[in-house]
Amino acid sequence: MTAPETPLVLLHRDGPLATLVINRPDARNALSFPTLLQLREKLAELKTDDSVWAVVLTGAGEKAFCAGADLKERRSMSEDEVKEFVRNIRGTMDDIANLPQPTIAAMNGHAFGGGCEMALACDLRLLASSALIGLTETSLGIIPGAGGCVRLPRLVGAAKAKQLILTAKRCTAEEAKRMGLVHEIAESANFAEATATMVQSLLANGPLALRAAKDAIDGSLDRPLELALEHEASCYQRMIPTEDRLEALAAFAEKRKPKFQGR
Ligand code: COA
């Protein structure tokens, strides 16, 4: 009997929270083609699962959240295979960005290249205080091709994004926090606790409201103001017939915390 292969991506469930773990610590959680495929499979599962209210994305081990694309695998790829890989890694980041649930990149270690792009596709970002983060692709003769050239400028502004991408800078956690690339930083010793606090700050709120607010924000970015406001209104409308809205009003009147059901 052959031993079962270790999964490259783990999916843990804890009530309404789903945690995805890139599980290649010996390769600093680099994204090989099979890793991307396993990740996309799990993301497709989560996307349609209404019982999942929030998603955490993290890496196994303590050295790296994700060291980006697998550069060893890349060496043996033909040009066509590289094109196919880039299409897939970009698709993976889009899958993450398009999850209806709020997402947290819990970066327990370094995040470079595709690892940083993965975090950029999440809604909230937490980085270990000893970790470095950056889009380092130009130092490898390529460019960020999984959304990095698009999402980073939208997050920190074009001037800062150009500086980071054109110099392939590895930023410290403090620098990343100052420029708004990450929301929070935490010591490695407290990282699990800091992640749990961030998760709890989401799960305390109505799960349908979290999805609708994410949709209202993401769906407004590329629309002219009038249409963006209409989109926000349609997201609000979805909340009006929900039990969670009535429960929150009852809880307010009764001076207690609401018990949201996601209905
Ligand atoms: N692809 C494939 N393998 C990788 C990798 C990557 N992106 N990053 C690290 N690894 C491998 C190393 O080759 C090494 O393998 P080995 O034990 O067979 O030699 C193993 O992971 C450990 O790496 P190492 O550099 O020894 O670990 P470290 O903890 O000292 O440093 C990093 C970790 C992430 C800082 C460093 O590996 C690094 O800079 N990697 C490249 C990051 C990068 O530029 N990514 C952009 C890709 S587009």
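Being a predicted model, the structure only gives us computed values, none of them experimental. All values below were derived from every heavy atom in this structure, side-chain atoms included, with hydrogens, water molecules and symmetry-related copies excluded.
- At a threshold of 4.0 Å, the pair Arg151-Asp94 counts as salt-bridged, since one of the basic side-chain nitrogens sits closer than that to a carboxylate oxygen.
- Looking at Val182, Leu202, Thr103, Val56 one by one, the single match for side chain to side chain contact (heavy atoms under 4.5 Å, CB included) with Leu124 turns out to be Leu202.
- Here the closest heavy-atom approach between residue Asp123 and residue Pro102 is recorded as OD2-CA, 3.2 Å.
- Side-chain atoms of Lys214 come within 3.5 Å of backbone atoms of Leu99 as a donor-acceptor pair (strictly under, hydrogens ignored).
- No path of Ile, Leu, Val, Met, Phe, Trp and Tyr side chains, each step under 4.5 Å between heavy atoms, connects Leu140 with Leu164, placing them in separate hydrophobic clusters.
- Ion pairing between Lys177 and Glu174 fails under the 4.0 Å rule for side-chain N and carboxylate O.
- Here the closest heavy-atom approach between residue Ser220 and residue Ala228 is recorded as CB-CB, 3.6 Å.
- A distance-only check finds a donor-acceptor pair linking the side chain of Asn29 to the backbone of Ala60 [under 3.5 Å].
- A single hydrophobic cluster is not seen to contain both Leu127 and Met198; linkage of ILVMFWY side chains at heavy-atom distances under 4.5 Å, directly or through other members, places them apart.
- Within 6.0 Å of the CD atom in Glu254, the count of heavy atoms belonging to other residues, nucleotides or ligands exceeds 12.
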Please report the C-alpha distance between Phe33 and Glu84 in whole Å, then the side-chain angles of each, then the deciding distance to 0.1 Å, and finally whether the side chain to side chain contact (heavy atoms under 4.5 Å, CB included) criterion is met.
CA-CA 10 Å; Phe33 217 139; Glu84 179 63 8; 3.8 Å; yes
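- A salt bridge is absent between Arg75 and Asp70: the closest approach of a Lys/Arg side-chain nitrogen to an acidic carboxylate oxygen does not fall below 4.0 angstrom.
- The existence of a salt bridge linking Arg13 and Asp49 is confirmed by a sub-4.0 Å separation between a basic side-chain nitrogen and an acidic carboxylate oxygen.
- Residues Leu8 and Leu71 do not share a hydrophobic cluster, clusters being chains of Ile/Leu/Val/Met/Phe/Trp/Tyr side chains in contact below 4.5 Å.
- No side-chain donor-acceptor contact under 3.5 Å links Asp215 to the backbone of Arg211.
- Cluster membership for Leu37 and Leu11, using ILVMFWY side-chain heavy atoms within less than 4.5 angstrom, is shared.
- Formation of a donor-acceptor pair under 3.5 Å by the Gln101 side chain with backbone atoms of Leu46 is found in this model.
- Residues Leu249 and Phe252 do not share a hydrophobic cluster, clusters being chains of Ile/Leu/Val/Met/Phe/Trp/Tyr side chains in contact below 4.5 Å.
- The minimum heavy-atom distance between Arg74 and Ala69, with the atom names listed, is NH2-CB, 3.5 Å.
- In this structure, Arg125 contributes its side chain and Ala119 its backbone to a donor-acceptor pair below 3.5 Å.
- Judged by distance alone, with hydrogens and angles left aside, the side-chain atoms of Glu175 form a donor-acceptor pair with the main-chain N or O of Thr172 at under 3.5 Å.
- Listed for the His110 side chain is a donor-acceptor partner under 3.5 Å among the backbone atoms of Leu132.
- Salt bridge present: Arg256 and Glu247 bring a charged side-chain N and a carboxylate O closer than 4.0 Å.
- Heavy atoms from other residues, nucleotides or ligands lying under 6.0 Å from CZ of Arg154 number 12 at most.
- Shown here for Ala186 and Leu126, the closest heavy-atom pair between the two residues is CB-CD1, 4.1 Å.
- Using a 3.5 Å distance cut-off with no hydrogens or angles, the side chains of Ser139 and Thr136 do not pair a donor with an acceptor.
- Put simply, the side chain of Arg223 never gets that close to the backbone of His231: no donor and acceptor are under 3.5 Å apart.
- Contact between Val55 and Leu17 at its shortest, heavy atoms only, is N-CD1, 4.4 Å.
- In terms of heavy atoms, Ala111 sits closest to Cys116 at O-CB, 3.8 Å.
- Judged by distance alone, the side chains of Ser78 and Asp80 never bring a donor and an acceptor atom under 3.5 Å apart.
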Output, in order, the C-alpha distance, side-chain angles, deciding distance and verdict of side chain to side chain contact (heavy atoms under 4.5 Å, CB included) for Leu152 and Lys160.
CA-CA 9 Å; Leu152 185 63; Lys160 198 76 211 170; over 6 Å; no
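- Not a single donor-acceptor pair under 3.5 Å links the side chain of Asn23 to the backbone N or O of Leu10.
- With His12 contributing its side chain and Thr19 its backbone, the two residues share no donor-acceptor pair below 3.5 Å.
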Quick one: do Leu31 and Ile89 satisfy side chain to side chain contact (heavy atoms under 4.5 Å, CB included)? Show the steps, please.
CA-CA 8 Å; Leu31 297 170; Ile89 192 169; 3.9 Å; yes
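- Judged as a side-chain contact (heavy atoms from CB on, under 4.5 Å), and not counting sequence neighbours, the contacts of Pro207 are Trp53, Asp244, Phe260.
- Other residues, nucleotides and ligands contribute more than 12 heavy atoms inside 6.0 Å of the CD atom of Glu81.
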